[in-house]
Amino acid sequence: MTEAHGGIRGWAADRKGVWSRLRFTSLRLRLVVVFGLVALTAAVSASGIAYWLNREAVLTRTQDAVLRDFQQEMQNRAGSLPPDPSQDELQHTAGQMSGSSQRFSVLLVAQGADGKALYGTSGALDGFSLQDVPTSLRAAVNKKQKVDSGNKYPYHLYWQRVVQNGTPYLVAGTRVIGGGATGYMLKSLEPEAKDLNSLAWSLGIATGLALIGSALLAQAAATTVLKPVQRLGVAARRLGEGRLDTRLRVSGTDELADLSRTFNYAAEALEKRVDDMAARDEASRRFVADMSHELRTPLTAITAVTEILEEELEAESGSMDPMIEPAVRLVVSETRRLNDLVENLMEVTRFDAGTARLVLDDVDVADQITACLDARAWLDAVDLDAERGIHARLDPRRLDVIMANLVGNALKHGGSPVRVAVRKSGAKDGEGAEVVIAVRDHGPGIPEDVLPHVFDRFYKASASRPRSEGSGLGLSIALENAHIHGGEITAANSPDGGAVFTLRLPQDVSALTEDPEQAEGKQGEPS
């Protein structure tokens with residue numbers, strides 16, 4: 001059953017792929033359709049013109065030959081009849097006339113000696129009679145014309161094409177010059193009609209072949225035109241994926257070749273620009289790292305001195321001169337702040353250089369958060385909602401850094417009480433499970449224009465207060481520590497007021513690393 005469903009899904013996917021390639025917005029399909037319409041229009045027009053010209057030529061040639069023969073027979077045979085012919089004479093003459101080379105049926109009409117109308121027919125075609133002649137043709141044949149300089153004869157030859165029982169015929173009639181019998185002729189045009197039908201079928205087949213040929217030609221032209229465009233699309237996607245060494249093979253001198261050259265020039269310029277920016281960025285990171293390392297040695301000495309000064313400040317003997325006590329306190333505070341800034345800069349350079357590593361351990365999340373709060377004397381200021389027994393495999397030191405930054409930020413910029421809630425989400429069997437830690441304060445919240453930037457480095461919500469106790473790196477370091485775990489931190493405003501920072505970490509980070517044992521064996525850098 002599963003294989004059947006897989007086959008159906010595969011068939012549906014293939015059909016969808018074919019349809020996506022043949023959708024009307026596809027340039028290939030539009031080219032085929034346009035070529036087909038042009039070829040169809042040209043073929044139908046050419047076939048129609050050819051059929052019409054051939055039809056007129058065939059019918060005119062047959063008609064002229066038949067009428068010429070009929071007129072000659074009327075002059076030679078019907079003209080030799082006596083003024084008052086008998087029935088037998090009419091019948092015999094009609095039979096002789098029908099035996100001409102054109103093989104048509106003849107009807108002769110004359111007046112006998114008693115003044116009655118006599119009819120003589122060749123007897124072919126089921127008895128050609130006067131009823132088979134159109135009334136309008138009979139009237140034209142029997143109408144006497146005025147004889148003048150422009151008209152030498154009172155009677156003329158008239159003809160008409162008719163269809164009887166689905167068969168086309170040529171009907172003609174005239175009177176003997178100088179008086180005598182009136183003759184009518186009936187000639188079947190069925191052979192010519194069959195020839196014209198064969199011609200129509202041939203032209204139809206030729207039109208169909210032309211349409212198929214145009215479709216094949218359009219397909220070939222579309223392939224020729226679209227293949228460079230497809231290669232350009234593939235190269236553009238590869239370029240967008242960061243493969244800046246992508247280049248197109250250029251051949252020819254047409255517009256598509258010019259487009260390929262332009263793409264290569266743009267890709268080369270982009271690669272050079274990115275390399276320059278990467279080099280400058282690398283130099284900047286190296287400068288920050290070197291500066292941080294160089295500052296650690298004098299900072300260590302300064303920190304030792306400030307610790308001694310701080311002890312003097314806290315001593316009850318009052319040995320510190322009251323005049324310099326404020327300056328000493330400022331030096332102690334700024335030295336501590338500078339030391340934190342250098343440590344944060346070093347941590348940032350580790351993330352940028354990709355040298356930050358995890359030292360994984362199985363920890364109870366509630367115990368770890370409690371230890372973090374206790375180490376900073378925040379237990380009384382924070383409401384912790386975390387059940388014991390939620391275990392996770394992660395880096396305890398980096399979790400401590402994350403929580404210290406999130407809770408410290410809530411206490412400093414938010415409003416009391418600050419609440420930390422821990423819960424587990426995802427699959428019950430542990431696969432894909434996550435540990436979710438929410439840190440919420442009850443302050444004014446985060447302005448909407450600040451929310452997208454809270455994790456940016458050195459970003460401070462108030463530009464009018466560039467100097468503060470923080471460096472603007474805490475939240476960005478927390479986010480980097482979450483990312484190295486395969487987790488995420490999001491910031492939002494609670495509907496009930498205050499800001500909410502939500503940390504999501506995989507319950508088992510080692511499942512996401514390529515070599516968990518190697519990662520666990522490495523020592524983490526001090527922060």
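Since we're looking at a predicted model, the values are computed, not measured.
When all heavy atoms are compared, the tightest approach of Ala491 to Val454 is CB-CG2, 3.9 Å. The minimum heavy-atom distance linking Ile484 with Leu358 is given by the pair O-CD1, 3.4 Å. Between Leu394 and Pro396, the shortest heavy-atom contact is O-CD, 3.3 Å.
Side-chain atoms of Asn409 do not come within 3.5 Å of backbone N or O of Asn405 as any donor-acceptor pair. Asp441 places no side-chain N or O within donor-acceptor distance of the main-chain N or O of Gly498, the cut-off being under 3.5 Å. His485 contributes a side-chain N or O that, together with a main-chain N or O of Asp395, makes up a donor-acceptor pair within less than 3.5 Å. For the pair Asn54 (side chain) and Ala50 (backbone), a donor-acceptor distance under 3.5 Å is present.
Atom-to-atom distance recorded for Leu373:CG and Gln368:CD is 10.5 Å, nearest 0.5 angstrom. Between atom CZ of residue Phe455 and atom OG1 of residue Thr490 there is a gap of 7.0 Å, rounded to the nearest 0.5 Å. Residue Ile446 holds its CD1 atom at 4.0 Å from CZ of Phe501, rounded to the nearest 0.5 Å. Put simply, CG on Asn264 and CG on Leu259 are 9.5 Å apart, with the number rounded to the nearest 0.5 Å. Taking CG of Leu384 as the start and CZ of Arg419 as the end, the distance is 9.0 Å to the nearest 0.5 Å.
Partners of Asp276 according to the salt bridge (charged side-chain N to carboxylate O under 4.0 Å, His left out) rule, which considers only residues two or more places apart in sequence or in another chain, are Lys272. In this view, Asp400 and Arg376 satisfy the side chain to side chain donor-acceptor pair (under 3.5 Å) rule, not counting sequence neighbours. Residues meeting the side chain to side chain contact (heavy atoms under 4.5 Å, CB included) test with Ala366, sequence neighbours left out: Asp364, Ala386, Arg388. Residues satisfying the salt bridge (charged side-chain N to carboxylate O under 4.0 Å, His left out) test with Arg273, not counting sequence neighbours, are none. With sequence neighbours left out, the side chain to side chain contact (heavy atoms under 4.5 Å, CB included) criterion links Thr41 to Ser45. Every residue meeting the side chain to side chain contact (heavy atoms under 4.5 Å, CB included) condition with Ser494, not counting sequence neighbours, appears here in chain and number order: Arg440, Asp496, Val500. In terms of the salt bridge (charged side-chain N to carboxylate O under 4.0 Å, His left out) criterion, Asp275 has no residue partners (sequence neighbours excluded). With sequence neighbours excluded, the residues satisfying side chain to side chain contact (heavy atoms under 4.5 Å, CB included) with Asp456 are His453, Tyr459. Every residue was checked against the side chain to side chain donor-acceptor pair (under 3.5 Å) condition with Arg238, not counting sequence neighbours, and none meets it.
Leu503 has its side chain out of reach of Val439: every pair of non-hydrogen atoms, C-beta onward, lies at least 4.5 Å apart. A 4.5 Å side-chain heavy-atom check between Pro168 and Glu192 finds every atom pair outside the cut-off. Under the 4.5 Å side-chain criterion, counting only non-hydrogen atoms from C-beta, Leu406 is not in contact with Val420.
Within 6.0 Å of the CG atom in Asp380, the count of heavy atoms belonging to other residues, nucleotides or ligands does not exceed 12. By the neighbour-count criterion of 12 heavy atoms within 6.0 Å, atom CD of Glu488 is densely surrounded, having more than that number from other residues, nucleotides or ligands.
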Val58 vs Asp195, side-chain contact (heavy atoms from CB on, under 4.5 Å): CA-CA, chis, key distance, verdict: CA-CA 9 Å; Val58 169; Asp195 292 340; 5.6 Å; no
Stepwise side-chain contact (heavy atoms from CB on, under 4.5 Å) test for Thr370 and Leu379: CA-CA 8 Å; Thr370 301; Leu379 286 176; 4.3 Å; yes
Chi angles and distances behind the side-chain contact (heavy atoms from CB on, under 4.5 Å) call for Leu505, Leu399: CA-CA 10 Å; Leu505 295 177; Leu399 177 62; 4.1 Å; yes
Residues His391, Asp362; criterion side-chain contact (heavy atoms from CB on, under 4.5 Å); working and verdict: CA-CA 7 Å; His391 291 271; Asp362 292 321; 5.7 Å; no
May I have the list of side-chain donor-acceptor pairs in residues 473-482 shorter than 3.5 Å, sequence neighbours left out?
unit_1, atom_1, unit_2, atom_2, d
Ser476, OG, Leu473, O, 2.8
Asn481, OD1, Arg398, NH1, 2.8
Asn481, ND2, Ile477, O, 2.9

Output side-chain donor-acceptor pairs under 3.5 Å for residues 243-251, partner residues at least two apart or in another chain, one line each.
unit_1, atom_1, unit_2, atom_2, d
Thr246, OG1, Arg243, O, 2.7
Arg247, NH1, Leu244, O, 2.9
Arg247, NH2, Glu271, OE1, 2.7

List, one per line, each side-chain donor-acceptor pair under 3.5 Å for residues 202-210, sequence neighbours excluded.
unit_1, atom_1, unit_2, atom_2, d
Ser202, OG, Ser198, O, 2.9
Thr207, OG1, Ser47, OG, 3.0
Thr207, OG1, Leu203, O, 2.8

